[in-house]
Structure formats: structure tokens, C-alpha cells
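Owing to the predicted nature of the structure, the values given are computational and were not obtained by experimental measurement. Remember, it's 1-based here, ligands and their atoms both numbered in the order they're listed.
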Amino acid sequence: RVVANDRKDFLVADILDLQPSTFDLGPLSREPLPGLHMRTRAFIKVQDGCDNHCTFCITAIARGPGRSRPLPEVLADIHAALDGGTKEIVLTGVHLGSWGQDLSTGLKAGFGLHFRDLVAAILKETDTPRLRLSSLEPWDLDADFFALWQDARLCRHLHLPLQSGSANVLRRMARKTMPEAYAALVESAREAIPDVAITTDVIAGFPGETEAEFAETLDFVRCMGFARGHVFTYSPRPGTAAARMNGQIRHAVRKERNAVLRAAFAESERAYQQKFLGKIMSVLWESTDQLSDAGWHVEGLTDNYLRVSAVASEPRWNQIDSVKLVALAGEPGDSHLSAILVPSVTLLRCKAVV
Ligand code: SF4
């Protein structure tokens with residue numbers, strides 16, 4: 001069967017003859033037990049679906065309403081992963097911060113139904129060396145949330161999708177935040193969590209985005225000191241409100257804006273990395289290759305999402321070591337090359353002190 005390109009987002013639903021509104025509304029299946037495969041990081045899906053209606057988003061349409069996995073089930077998977085040797089648990093979900101809103105039963109005694117209760121419960125009930133949160137919508141958080149970081153096992157990394165730095169564009173996107181509120185939230189996070197890495201997503205060339213609105217986004221990105229940013233060139237998704245909007249931006253303009261934003265993020269990322277030169281930090285090694293009889297090349301992440309490489313005297317895969325960060329490798333490059341090269345050119349070279 002041949003499927004047209006513009007139907008690719010509906011591939012599974014089309015083949016199974018399902019309507020997007022009813023697609024994937026069944027109970028959540030258990031994730032495989034990641035620890036049994038000895039993975040450094042275990043991605044534990046705690047939630048699926050979304051009740052928001054961002055006008056560009058096909059995910060909420062395809063995945064249906066938000067559904068949360070009960071805490072005992074989440075804890076069981078985390079314990080299994082830790083038993084298998086995993087050192088870092090990453091909580092994931094389509095709309096992660098909404099965890100608990102649909103739950104009323106199946107909970108563990110003594111814990112509430114807010115996402116912060118889930119995080120607190122995992123920290124209390126498990127001995128995970130690291131707990132990382134994946135993408136969180138900014139409107140789900142408040143300043144009190146950051147008190148959780150008093151537990152140092154919680155990684156100092158917040159991925160807060162921005163999508164646009166223009167209030168007008170955010171309204172057209174039906175996002176539930178504004179640039180001022182976003183900036184205030186980030187300020188609260190930085191006050192509560194020293195050296196926290198704030199990463200984000202931005203869409204370039206959303207329908208109707210004027211030059212002035214794009215400039216607002218660019219200024220906002222330059223001011224925010226992001227540790228990293230992903231730029232998505234707007235692409236209309238059939239079935240979304242944005243795909244039907246007037247003022248679709250020419251593809252060439254969308255690509256240009258993407259490149260400008262990527263360059264801004266590359267600068268911002270480098271500035272963030274430079275702040276840590278000379279510091280001692282902990283790294284969880286995710287890969288290791290033998291260089292010679294005398295040494296191993298190891299690479300991994302700090303809790304605040306700095307990618308680090310080092311030479312160690314033994315393979316240190318899946319170990320957490322203290323290192324001193326001594327040099328920054330690679331150049332930000334031009335806007336086109338930096339997007340491709342970001343993973344390889346922004347490594348912080350460091351000398352392990354293991
Ligand atoms: S972008 Fe995120 S919050 Fe918005 S509708 Fe899609 S999944 Fe939900």
C-alpha cells in the first residue's frame with residue numbers, strides 16, 4: 001500500500017482504520033524493563049497523551065487525552081531498571097507535567113496527585129543515583145516546584161519548551177504561557193537551583209510570524225542564556241489548526257529564521273559551557289572506547305547536561321566519576337554547520353581525576 005507523504009503522521013491510524021480522535025486510547029502498556037539491558041539511562045514513561053490544544057501539534061491529536069500511570073507501577077519499573085544497573089532514571093511523557101491529573105485510584109498511600117508528588121515519591125522510595133525530568137511545559141510549574149532540588153540526586157536540568165518569544169505568536173499557537181511568565185519562571189529556577197541548565201524548543205516560521213515577531217523571539221533567546229536549544233522549522237501538520245491558518249511563511253524564510261536561531265543557540269550554549277571550565281563535576285559515562293593499552297576514551301553527561309569526554313585508565317562505562325573540566329573543544333561554527341555538528345563540536349574536553 002502506498003501512503004502519501006502528507007498522510008505519514010496518520011500512518012498507523014490509516015492502516016488500522018482508526019480515527020485520530022480515538023487513536024491510541026487504550027490502557028498504557030508497561031515499558032520494557034530498561035535496567036535488564038544494562039542501559040546507563042532508563043527512560044520511564046509515566047504519562048501519555050495531552051489535554052492541551054497547541055495549534056501546531058499533531059501529537060495531542062494522535063495520542064489522545066492525558067493518561068497517567070499509577071505510582072506503584074512507575075516505582076516497579078524504576079526498581080527493575082535500578083536492579084539491572086541503570087544509574088540514571090529519566091521520566092518521560094507526552095505532557096509530563098500533567099501527571100496525576102486523571103488519577104484517582106491506584107496510588108501509593110501518603111502521596112498526592114501532582115507531578116511534584118510523583119518526583120518526591122521516586123526520590124523517597126528509590127535509591128536512584130540520578131533522576132532527570134524530560135520536557136516540562138512551563139505553565140505546569142511554579143516556584144515551589146524547585147524546592148525538590150534540595151535532593152541533589154535530581155539533575156539540574158529543565159527542558160522548558162518556549163516555541164516563540166513573541167506574545168502574539170504564542171497566542172496563535174494557543175500556548176498557555178507568555179514570554180514574561182516564562183522568563184520569571186526561569187529566574188525562579190535559577191535562584192533555587194544553582195547552575196541549572198535551561199534548555200528549550202523553538203519553532204521558526206509559524207504561520208503569520210512577522211519579521212518583528214521573529215525579532216522578538218531572537219531577542220528573547222539571546223537574553224535567556226539557554227544551555228541548549230532545538231529549532232524546528234515550522235511544517236504544517238494535516239489536521240492541526242495551524243495548518244489551516246492564513247499567512248503561511250515561505251519555506252525559504254522559515255529555513256532562514258531557523259538558521260539565525262540556531263546560531264543564537266550555538267552562542268548561548270558555548271557561553272553556558274564556558275562557565276564550568278575549571279570546575280570539578282560528576283559525570284556518568286555513557287560510552288567507552290579503548291584508545292590503547294594505556295587508556296580509554298570515555299564520554300558522558302554531567303547532571304546539568306554538559307557533554308564531557310576524558311581519557312581514563314580503565315573502561316568506566318556506567319560509572320559516575322568526578323572530573324575537572326579543563327578545556328572547551330570545537331567552535332560554534334556558522335549557523336548551518338553548527339546544527340549538524342553540535343553533538344561533536346561542543347564537547348568539553350576534560351581530564352578525569354578518577
Ligand atoms: S505541544 Fe505539548 S502541550 Fe501542546 S498540545 Fe502538543 S503535547 Fe500538548
Side-chain angles (χ1 to χ4, degrees), residues 8-13 19-26 28 31 43-69 90-103 114-116 118-119 132-142 145 157-179 181-182 185-186 189 198-209 213 217 220-221 226 228-245 254 258 261:
K8 66 185 178 189
D9 290 321
F10 300 101
L11 190 60
V12 175
Q19 295 300 313
S21 58
T22 57
F23 177 58
D24 198 24
L25 297 181
L28 296 179
E31 289 286 288
F43 292 81
I44 305 291
K45 189 170 185 174
V46 303
Q47 184 278 341
D48 202 354
C50 180
D51 296 328
N52 290 301
H53 303 284
C54 301
T55 55
F56 55 82
C57 181
I58 192 65
T59 308
I61 296 171
R63 305 298 293 179
R67 292 96 71 205
S68 309
R69 296 179 67 203
V90 185
L91 301 187
T92 71
V94 169
H95 182 198
L96 181 61
S98 73
W99 181 90
Q101 290 176 8
D102 58 308
L103 288 177
H114 189 277
F115 179 63
R116 70 164 63 86
L118 173 70
V119 177
R132 192 181 297 276
L133 312 180
S134 63
S135 185
L136 289 166
E137 294 298 349
W139 58 82
D140 292 322
L141 310 182
D142 55 31
F145 180 72
H157 175 203
L158 285 163
H159 185 81
L160 307 173
L162 171 66
Q163 310 305 3
S164 174
S166 157
N168 285 338
V169 175
L170 288 174
R171 274 187 213 102
R172 293 203 295 279
M173 289 176 167
R175 299 285 290 170
K176 294 181 175 174
T177 192
M178 286 287 120
Y182 185 101
L185 185 74
V186 168
I198 306 289
T199 59
T200 197
D201 303 320
V202 172
I203 295 174
F206 187 77
E209 184 185 66
E213 288 166 347
T217 295
F220 195 81
V221 165
F226 287 113
R228 194 174 297 181
H230 302 284
V231 186
F232 298 93
T233 301
Y234 174 74
S235 166
R237 302 288 169 179
T240 61
R244 298 188 296 274
M245 285 180 182
R254 284 183 260 150
N258 180 314
L261 285 168

Which donor-acceptor pairs under 3.5 Å do the side chains of residues 160-169 make with protein atoms, sequence neighbours left out?
| unit_1 | atom_1 | unit_2 | atom_2 | d |
| --- | --- | --- | --- | --- |
| Ser164 | OG | Ser166 | N | 3.0 |
| Ser164 | OG | Thr217 | OG1 | 3.2 |
| Ser166 | OG | Asn168 | N | 3.3 |
| Ser166 | OG | Val169 | N | 3.2 |
| Asn168 | OD1 | Arg171 | NH1 | 2.9 |

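Legend: residues meeting salt bridge (Lys or Arg N to Asp or Glu O under 4.0 Å) with Arg254, ordered by chain and number and at least two apart, are absent. Every residue was checked against the salt bridge (Lys or Arg N to Asp or Glu O under 4.0 Å) condition with Asp102, not counting sequence neighbours, and none meets it.
The pair Glu137-Arg175 meets the salt-bridge criterion, with a side-chain N (NZ, NE, NH1 or NH2) lying under 4.0 Å from an Asp/Glu carboxylate O.
With ligand atoms numbered from 1 in the order given, ligand 1 contributes 2 (Fe), 3 (S) to contacts under 4.0 Å with heavy atoms of Glu137.
Arg67 contributes a side-chain N or O that, together with a main-chain N or O of Pro65, makes up a donor-acceptor pair within less than 3.5 Å.
Inspection of the environment of atom 6 (Fe) of ligand 1 yields the following protein N, O or S atoms under 2.8 Å: Cys57 SG.
Residue Arg132 forms a side-chain contact (heavy atoms from CB on, under 4.5 Å) with just one option from Leu158, Leu91, Val90, and that option is Val90.
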